[in-house]
Amino acid sequence: MTDDTLRPPESPAPVTSEPRAADFALSFDAVAAQYAMARPSYPPELFDAVEELAGTPLRGKKVVDVGAGTGIATALLRERGADVIAVEPGPGMGAQLRTTLPGVPLVRAYGDALPFADATADLVTYAQSWHWTDPARSVPEALRVLRPGGALALWWNVPDPDVAWTAAQERRLQDRLPGYHRHGVSSDAAGIITSLDLEPGLEPAAAPVFRRLHWTRRIPVDLHLAHLASRSYFVVMGEERAKPVLDDERAHLLRLFPDGTIEDAYALDLTVLRRR
Ligand SMILES: C[S@@+](CC[C@H](N)C(=O)[O-])C[C@H]1O[C@@H](n2cnc3c(N)ncnc32)[C@H](O)[C@@H]1O
C-alpha cells in the first residue's frame, strides 16, 4: 500500500484558527491511550440488536470493523464469535489496538476506499466512526465488500438526551463552544443513506433501519471528564483552552453528584442497512 492510499479524503489543513474536518477525524491519534481508558464500551443489547437487524448471528461471520480505533467494538465483536478484521487509518489508534488485541488483523485504510475484494464480508461495522467518512463513497464501498444478504451497521454512543443532567450538560457545552455538535449524525444516518444515489447492483435490500437503545454506567466524575476530553472537539481545541471548560464542568457535576460518582447515561443510535 502506498502513502497515496492513506491520504485522508480531505488533506490536513495548515494550522489555522478554524480546524477542518480532517483535523478532527484523525485527532484521536494524539490521545489514543486516554481514549482507550476513558471511552465507554457498548452493552450486549447492542450486539443483540445488530444480530436481529442484520438477520444473522455474529458467530463465525466475517466482520470488517472500520474506524476501529483502539479496538473497543472489535474486541466485543470477537467475544460474540465473529471473525474480525480491523480497519483504522490513524497510526496512534492502530498502535493502541495492536497492544490491546495483538492477534487481530489490522489494516491501515479509510472507509471511503476499503482494500478488500467484492462480496467478501458478512458485516461491515462502524462504531462511532462513519461520520468521518464521505457517505457517497463509504456506503457504496461497504455494499461492494458485503456479500449478498450482508449488512452495514453504524452506531454511536451519544449523551442520552432523555436524561435531564446529560441534556443540560450538552446544552451548556453547545452554548459555550461554537460548532460543538457539527460532526454529530448519529440519528440522521438512515436519512443520509436514503438520499444517496447508489449504482445498479449496489441497491440495498430495504431502507435502512434505525434503533435507539439506552444504557448507563456508574463512573467517577473525573472519568466522565476524561471521556469528554477525548472527544475530537476538545482534542483539537488543545489542553490549555479545554481546561477551563472541563474545570467548570467538574464544579458543576460535583454540585449535582457530591459523592463524585455519576450515572453516565447514553443513547446508543444504531442504523443497519442490508445488501440485496
Ligand atoms: C471515535 S473513534 C471510534 C473508535 C472505535 N470504533 C470505538 O468504537 O471506540 C473514530 C475513529 O475513526 C477513525 N477515522 C477517522 N477518519 C476515518 C475514515 N475516513 N475512515 C475510517 N475511519 C476513520 C479515527 O482514526 C478514529 O480511530
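Whatever order the structure lists ligands and atoms in, that order sets their numbers, starting from 1. Along the sequence shown, the residues carry numbers beginning at 1.
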For His227, the ring pair (Phe, Tyr, Trp, His ring centres under 6.0 Å) test, sequence neighbours excluded, returns none
Original post:
Does an N or O anywhere in Tyr126 fall below 3.5 Å from an N or O of ligand 1?
Top reply: no
Short version for Pro89: what comes under 4.0 Å of ligand 1, heavy atoms counted, is side chain
Self-check item: Close approach, Tyr42 and ligand 1, non-hydrogen under 4.0 angstrom
Solution: yes
Heavy atoms from other residues, nucleotides or ligands near CD of Glu263 exceed 12 (cutoff 6.0 Å) = yes
The complete set of side chain to side chain donor-acceptor pair (under 3.5 Å) pairs with one or both residues in residues 59-71, sequence neighbours excluded, reads Thr56-Lys61, Asp65-Thr74, Asp65-Thr125
Logged contact type for Trp132 with ligand 1, heavy-atom cut-off 4.0 Å, is both
One finds that the ligand 1 atoms under 4.0 Å from a non-hydrogen atom of Gly69 are 4 (C), 27 (O)
Nearest heavy atom to atom 4 (C) of ligand 1, choosing from Ser41, Gly67, Ala32, Ser129, belongs to Gly67
Is Met93 in polar range of ligand 1, meaning some N or O pair under 3.5 Å apart? no
Query raised in the report: Hey, is CZ on Arg98 packed in by over 12 heavy atoms from elsewhere, all under 6.0 Å?
Result: no
Of all heavy-atom pairs linking Val66 and Gly111, the shortest is CG1-CA, 3.7 Å
Touching ligand 1 at all, Asp112? Heavy atoms, strictly under 4.0 Å?
no
Open item on the list: Evaluate Ala73 for polar contact with ligand 1, using N/O atom pairs at a separation under 3.5 Å.
Closed with: no
Short side-chain to backbone donor-acceptor contact, Asp112 and Thr133, under 3.5 Å
no
With Trp155 as partner, the option from Thr271, Val50, Leu213 fulfilling side chain to side chain contact (heavy atoms under 4.5 Å, CB included) is Val50
Among Gln96, Glu88, Arg137, closest by heavy atom to atom 27 (O) of ligand 1 is Glu88
Geometric N/O contact Ala109 with ligand 1, under 3.5 angstrom: no
inquiry  = Regarding Ser138 and Trp130, do their side chains bring together a donor and an acceptor under 3.5 Å, going by distance alone?
reply    = yes
